[in-house]
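Written out below as structure tokens is the structure these notes cover.
Counting starts at 1 for both ligands and their atoms, following the listed order.
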Amino acid sequence: MSFNVNAEIAVCGGKLLKLSHYSDVVNNTMDVNIYLPQQYFTGSNGKPIPSIYFLSGLTCTPQNASEKAFWQLQADKYGFTMVFPDTSPRGEHIPDDPAYDFGVGAGFYLNATQEPYKKYFQMYDYVHKELPRQLNQYFNNNKNPKLDFLDNVSITGHSMGGYGALSGYLQNYHSKKYKSCSAFAPIVNPMNVPWGQKAFKNYLGNDRLTWRQYDPSELVKQVHNYGDDKILIHQGTKDPFLNENLRSNLLIEAARGTSWEDKIDLRMVDGFDHSYYFISSFVPIHAEFHAKHLGLI
Ligand SMILES: N[C@@H](CCC(=O)N[C@@H](CSC=O)C(=O)NCC(=O)O)C(=O)O
């Protein structure tokens, strides 16, 4: 497995690599950005450097978060790698939709089962399985890892990507794939909001039972929190998508009476919208949260 290095950019104390590679699961070339923190170049006391995966929202490429979330300063502060995957396969041949909320740029981090999407839209397997494996192989040659993409890793994301982070974390909770999970303005109950319903219907078909495996508000009822794990969420009160598509309170309600009750640390932040101004304002808090779980502080 090989990656093309399309750009190598000095940022803060480290380097942002703009990579592309062939994915066997989505049957397409994929872009992904990686930020290597300063510790990669100056040394990390012989310990593998952990990673945080940031899943972006509708319409995003790996560039949005790389350019506007300011994770790099935090990655240097604590010593973690950032992975910014794309939100879908891309190209003229990829089935798309005229609207921004479905198709290209809107892969919803699931494995599509319906035609014509299922050949390409296998974003769950891509993000949680194939991409980490390929990164490990490329950067570490599968031995003596200097960068840890597989074991000491955390996940976060924004909006559609916040939903992707929550569902991926909960689906893999018992194998402890992710040490921690956080989200910025996530879609918490996709089965019951327009963005999610459109995506699930087209990617997964009409049987709502099959939708439940990806819905965070269903997963908190199915997945037992056996420890004291908490999920951190920030949500702006002036977010134009809050009332129709994000509806963060539905996750709190779903968690009531389950092992996740009081484990969802939802912080409503006054006056913030849905943009990267909002995200970048709270990235330092999320970075500290993950750094603790990754054993960096
Ligand atoms: N009408 C907008 C909608 C797109 C949008 O707001 N995308 C958000 C994520 S929304 C949920 O997943 C985003 O992150 N945009 C990119 C950015 O850099 O802000 C439109 O089409 O512009």
Close side-chain approach of Pro190 and Trp211, heavy atoms under 4.5 Å: no
Any side-chain heavy-atom pair of Ile231 and Tyr169 under 4.5 Å: yes
Parallel, tilted or perpendicular, as decided by the 30° and 60° cut-offs, for the rings of Phe278 and Phe184: perpendicular
Other residues, nucleotides, ligands: >12 heavy atoms within 6.0 Å of Lys47 NZ: no
Salt-bridge criterion met for Asp229 and Lys263 (N-O under 4.0 Å): no
Carboxylate-amine/guanidinium contact Lys179 Asp151, below 4.0 Å: no
Protein residues that have a heavy atom under 4.0 Å from any atom of ligand 1, sorted by chain and number: Gly57, Leu58, Thr59, Cys60, Asn64, Lys68, Tyr100, His158, Ser159, Met160, Trp195, Phe241, His274, Tyr276
